[in-house]
Every structure is written in structure tokens, then in C-alpha cells.
Amino acid sequence: MHIATTHNSKKLTRNEAAEHLGVNPQTLANWAHTGKVKIPFHKVGRKVIYFKSDLDAYLDSTRRTQTV
């Protein structure tokens, strides 16, 4: 029997995840399809679920201290 690991992060729909990141939901769909930006997601039937902790990790990874 396989026991799934529980994830203590809030689950967000694609629309909620896009709002959290400040992008259009279609942008997230494009990123997932092309692999251009690798943010983990789960597909449950037709529904796409993102963990808030994964979105926050992505935001942390794109943080810059200089513009040069």
C-alpha cells in the first residue's frame, strides 16, 4: 500500500496561483505546457492545483538585489 505524503501548504487553483504571482492564468498554463518556468503542479482530472509553498519558492528564486 502506498501512503501519500501530506503537504502542509495551502492548495491554490490556477486562477488563485496566477493572482498570487501577479500573472495571467493563461501564462501559468503556458509555462506548464512548455516547461519554460518549472513550478510544480498537480493535475487532478481537469483541475490543476498548485501549492502556495511552491509558488513562494519560485518567487524567492527570482528575487534580485541588483538590476545590473
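Count residues from 1 along the sequence.
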Inset, instruction - Would you check if K47 and I49 make a side-chain contact, meaning some heavy-atom pair closer than 4.5 Å? - result: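 In short, these two side chains touch, coming nearer than 4.5 Å.
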Inset, instruction - Indicate yes or no: at least one non-hydrogen side-chain atom of N30 is less than 4.5 angstrom from one of Q26. - result: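 A side-chain contact under 4.5 Å exists here.
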Legend entry - Steps toward side chain to side chain contact (heavy atoms under 4.5 Å, CB included) verdict (L21, I39): CA-CA 11 Å; L21 294 176; I39 300 174; 3.9 Å; yes
Legend entry - Parallel, tilted or perpendicular, as decided by the 30° and 60° cut-offs, for the rings of W31 and Y58: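 If you compare the ring of Y58 with that of W31, the planes turn out tilted.
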Do any side-chain atoms of residues 12-19 form donor-acceptor pairs under 3.5 angstrom with protein atoms, and if so which ones, sequence neighbours left out?
{"residue": "T13", "atom": "OG1", "partner": "E16", "partner atom": "N", "Å": "3.2"}
{"residue": "T13", "atom": "OG1", "partner": "E16", "partner atom": "OE1", "Å": "3.4"}
{"residue": "E16", "atom": "OE1", "partner": "T13", "partner atom": "N", "Å": "2.9"}

Legend entry - K38: partners by salt bridge (charged side-chain N to carboxylate O under 4.0 Å, His left out), with sequence neighbours left out: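 Listed in chain order: nothing, the list is empty.
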Legend entry - Donor-acceptor contact present, side-chain S9 to main-chain K52, <3.5 Å: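 Yes: the side chain of S9 pairs with the backbone of K52.
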Inset, instruction - Run the ring-centre check on H42 versus F51 and record whether the distance is less than 6.0 Å. - result: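 Yes, ring centres under 6.0 Å apart.
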Legend entry - Spatial distance of atom CZ (F41) from atom CG (L28) [nearest 0.5 Å]: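 The distance works out to 10.0 Å.
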Legend entry - Interatomic distance, S61 atom OG to D56 atom CG [nearest 0.5 angstrom]: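 S61 OG to D56 CG: 11.0 Å, rounded to 0.5 Å.
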